[in-house]
Amino acid sequence: MISIVSEDGHHGFAPDVIINSVVLIPFLILVGIISTMILLHRKKSKSVLPFWLFLGYLYFVISLTIFPVLLFKQTSIINEFSFGLQIMFELNPLAWTKYSTLQIVGNILLLMPLPLFVGVLFKKKS
C-alpha cells in the first residue's frame, strides 16, 4: 500500500494492485474468434459483424461498471476503516427515487443498445 499525502496534509491510500479492464481484451478476442469460426461454419456470415460489435459494447459496459478493481493487501491499514463499504443490492423498490436524474438517464442510455443487439443476434426463424 502506498500512503499519499495531499498538499493540505490529508493522508490518502493507493491500492497495491489496480486491475484495469484491459485484462478482458484477450478473453473477448478469443471468444470472438471462436464464435466467428462457429458462425462461418454454420453459414451465418451476416451475424459476424453484429457479434463483434456486441463484444465491443460488452467490453465498454463492463469497463464502465466493474473496472478498475482496486486490491489492498490483508495487512493494509485501510482495512481498519470502513472505507469502501458498499451495499451491493437494495431490497427497497422505491430506493431509485433518491438517485440523481443524471445517474438514471445514464443507466438507461448505457443499457439501450442491449435489446437491439439481442434482437439482431438471436432472430427467430419463421
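In this chain, residues are counted from 1 in sequence order.
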How many angstroms lie between atom CG of Leu49 and atom CG of Leu39, to the nearest 0.5 angstrom? 11.5 Å

Could you tell me which residues satisfy side-chain contact (heavy atoms from CB on, under 4.5 Å) with Ile18, sequence neighbours excluded, listed by chain and number? Pro15, Asn20, Pro68, Leu70

If you group Ile, Leu, Val, Met, Phe, Trp and Tyr by side-chain heavy-atom gaps below 4.5 Å, do Val31 and Val120 land in one group? no

Can you pull the side-chain hydrogen bond (donor to acceptor under 3.5 Å, both in side chains) pairs that have at least one residue in residues 58-71, sequence neighbours excluded? Ser21-Tyr59

For Ile34, the hydrophobic cluster (side chain heavy atoms closer than 4.5 Å, chained through members) also holds Leu30, Ile38

Within a strict 4.5 Å, meaning less than it, do heavy atoms of the Thr36 and Trp52 side chains meet? yes

When hydrophobic residues are tied together by side-chain contacts of less than 4.5 Å, even through go-betweens, does Ile25 share a cluster with Phe67? yes

Transitively linked via ILVMFWY side-chain contacts under 4.5 Å: Phe51 with Leu58? yes

Treating Ile, Leu, Val, Met, Phe, Trp and Tyr as nodes and any side-chain heavy-atom pair under 4.5 angstrom as an edge, say whether Leu116 and Phe122 lie in one connected cluster. no

Are Phe54 and Val118 connected in the hydrophobic side-chain network, where two residues link if heavy atoms are under 4.5 Å apart? yes

Qualifying residues under side chain to side chain donor-acceptor pair (under 3.5 Å), relative to Ser35, sequence neighbours excluded: none

Contacts of Ser100 that satisfy side-chain contact (heavy atoms from CB on, under 4.5 Å) - sequence neighbours left out: Leu102, Gln103

Excluding sequence neighbours, so at least two apart, what forms ring-ring contact (aromatic ring centres under 6.0 Å, His included) with Tyr57? Phe117

Closest non-hydrogen atom pair between Ser45 and Leu40, with its separation: CB-CD2, 3.9 Å

